[in-house]
Amino acid sequence: MGKLISENAVVIASNFNPSILDKFWLIKQGIIAEDEFKDGSLYTPQVVQVETDNYQLLSVPDRLQLSFKNPKLDNNIYLNKVFGGIIKTLPHTPYKAVGFNLIWHSGISASEKICEITRNLFISKKNIVAKHFEDQDAHFGVFMSKSVDSMRMNLEIKPNFKKPNQLQATFNFHKELTEDYVVKIMDAFEKWNKTKTIANDIIATLEEEVESCL
């Protein structure tokens with residue numbers, strides 16, 4: 001089965017003041033407990049980075065990002081407590097978008113067939129550009145996009161060139177915001193587990209197809 005190697009949530013904001021999120025404020029608001037803070041945390045007027053055992057909170061003027069360190073945990077808890085806590089405590093911030101990013105690696109047992117497999121999976125015989133990539137070492141990928149509830153899902157699948165026996169699937173779920181920022185952001189957070197399930201199902205299908213090409 002494919003391995004989820006990276007997941008984060010992002011809220012895009014306009015002229016956000018990172019210095020608000022200092023250690024004292026986060027503790028006072030009940031967003032992060034005092035004993036959660038770890039070495040490596042950083043507090044400056046332009047960048048705030050909070051390190052804990054289970055996640056990293058990053059704040060810069062145009063975004064807030066919560067990156068989870070252990071994809072096996074139920075990170076929905078931190079998403080709502082930390083990110084949700086900040087958003088609800090600062091409701092007048094002009095938030096512009098909310099999104100989730102998931103990166104999966106899917107192994108291929110016969111790495112020497114990566115070129116053949118990606119050609120079979122992603123190239124149609126009617127693809128007129130493919131004639132320029134008939135070399136034996138040519139690699140292929142795909143981009144797909146569709147609506148999922150009130151969010152847009154973008155998926156890019158391509159070879160992981162750092163590890164020749166892997167495909168990398170990058171999922172992005174996002175929603176643009178124009179009004180009712182807090183309500184719509186919290187609604188998106190409620191879809192976190194669903195988006196992970198959708199991604200997991202797609203990875204399972206991908207791996208079935210890969211095995212059928214071997």
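Positions are given from 1 along the sequence.
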- Message: Between L90 and F16, is there a side-chain heavy-atom distance shorter than 4.5 Å?
- Response: yes
- Do side-chain atoms of N75 reach the backbone of N70 as a donor and acceptor pair under 3.5 angstrom? yes
- Is K23 paired with E36 through a side-chain N to carboxylate O contact shorter than 4.0 Å? no
- Joint hydrophobic cluster, L21 plus L42, side-chain heavy atoms closer than 4.5 Å: no
- Message: Using a 3.5 Å distance criterion without hydrogens, assess whether the side chain of R119 forms a donor-acceptor pair with backbone atoms of F133.
- Response: yes
- Check the angle between the aromatic planes of F37 and Y43 and answer parallel, tilted or perpendicular using the 30° and 60° thresholds. tilted
- Can you tell if the side chain of M186 reaches within under 4.5 Å of the side chain of V182, non-hydrogen atoms only? yes
- Task: Rounded to the nearest 0.5 Å, what's the gap from CG on D74 to CG on N193? Could you check?
- Result: 5.5 Å
- Task: Decide yes or no for F83 and L64: does some side-chain heavy atom of the first lie under 4.5 Å from some side-chain heavy atom of the second?
- Result: yes
- Message: Just so I know, are the side chains of L26 and V50 near enough to count as touching, which here means a heavy-atom distance under 4.5 Å?
- Response: yes
- Message: For E207 and S106: C-alpha separation, side-chain torsions, deciding distance, then whether side-chain hydrogen bond (donor to acceptor under 3.5 Å, both in side chains) applies.
- Response: CA-CA 7 Å; E207 294 198 323; S106 178; 2.6 Å; yes
- Message: If we check side chain to side chain contact (heavy atoms under 4.5 Å, CB included) with I114, which of these qualifies: N160, V210, L167?
- Response: L167
- Residue pair T118 / P159: nearest heavy atoms and the distance that separates them: CG2-CG, 4.1 Å
- Message: Could you measure the distance from the CG atom of L155 to the CD1 atom of I202? Nearest 0.5 Å is fine.
- Response: 5.5 Å
- Query: Between atom CG of D137 and atom NE2 of H139, what is the distance when rounded to the nearest 0.5 Å?
  - Reply: 7.5 Å
- Residues K28, E34; criterion salt bridge (Lys or Arg N to Asp or Glu O under 4.0 Å); working and verdict: CA-CA 9 Å; K28 182 180 179 181; E34 186 172 3; over 6 Å; no
- Message: Determine whether a donor-acceptor pair (N or O, by modelled atom type, separation under 3.5 Å) exists between the side chain of D149 and the backbone of M151.
- Response: no
- Determine, step by step, whether E51 and K69 satisfy the side-chain contact (heavy atoms from CB on, under 4.5 Å) criterion, reporting the C-alpha distance in whole Å, the side-chain angles of both residues, the deciding distance to 0.1 Å, and the verdict. CA-CA 10 Å; E51 298 286 348; K69 297 181 178 180; 2.8 Å; yes
- When rounded to the nearest 0.5 angstrom, what distance separates CD1 in I203 from CD in E208? 12.0 Å
- Message: Using only atom types and a distance under 3.5 Å, with no angle test, would you say the side chain of N80 pairs donor to acceptor with the backbone of N76?
- Response: yes
- Query: For K191, does the NZ atom sit with more than 12 other heavy atoms under 6.0 Å from it, leaving out its own atoms?
  - Reply: yes
- Message: For the residue pair S67 / Q65, report whether a side-chain donor-acceptor contact shorter than 3.5 Å exists.
- Response: yes
- With the side chain counted from C-beta on, respond yes when D62 and S14 share a heavy-atom pair under 4.5 Å apart, and no when they do not. no
- Step by step, work out the side-chain contact (heavy atoms from CB on, under 4.5 Å) result for Q168 and I103. CA-CA 7 Å; Q168 177 169 296; I103 298 178; 3.8 Å; yes
- Query: Is a side-chain N or O of N17 found less than 3.5 angstrom from the main chain of S19, in a donor-acceptor match?
  - Reply: yes
- Message: Nearest 0.5 angstrom please: K146 NZ to R152 CZ, how far?
- Response: 10.0 Å
- Could you go through the side-chain contact (heavy atoms from CB on, under 4.5 Å) check for Q49 and L57 one step at a time? CA-CA 6 Å; Q49 180 174 296; L57 171 65; over 6 Å; no
- Query: Can V142 be reached from I198 by stepping across I, L, V, M, F, W or Y side chains whose heavy atoms are under 4.5 Å apart?
  - Reply: yes
- Item | N/O donor-acceptor pair under 3.5 Å between D180 side chain and V183 backbone | no
- Query: In the single-linkage hydrophobic clustering (I, L, V, M, F, W, Y; side-chain heavy atoms under 4.5 Å), do Y181 and I87 co-cluster?
  - Reply: yes
- If you measure from CZ on F100 to NZ on K175, what distance do you get to the nearest 0.5 Å? 11.5 Å
- Message: Does any part of the side chain of I32, heavy atoms only, come nearer than 4.5 Å to the side chain of Y78, both counted from C-beta?
- Response: no
- Tell me, please, whether F140 has K158 positioned over its six-membered ring: NZ or CZ under 6.0 Å from the ring centre and within 45 degrees of its axis? no
- Would you mind telling me which of I86, V82, N8, L58 makes a side chain to side chain contact (heavy atoms under 4.5 Å, CB included) with L66? V82
- Query: Under 3.5 Å, side chain of S124 to main-chain N/O of K126, donor-acceptor pair present?
  - Reply: yes
- E7 vs N101, side-chain hydrogen bond (donor to acceptor under 3.5 Å, both in side chains): CA-CA, chis, key distance, verdict: CA-CA 6 Å; E7 58 179 8; N101 300 292; over 6 Å; no
- Query: Given side chains that start at C-beta, do those of F173 and K196 come closer than 4.5 Å, heavy atoms only?
  - Reply: no
- Between H174 and N154, is any pair of side-chain heavy atoms under 4.5 Å apart? yes
- Please find out if less than 6.0 Å separates the ring center of W192 from that of F68. yes
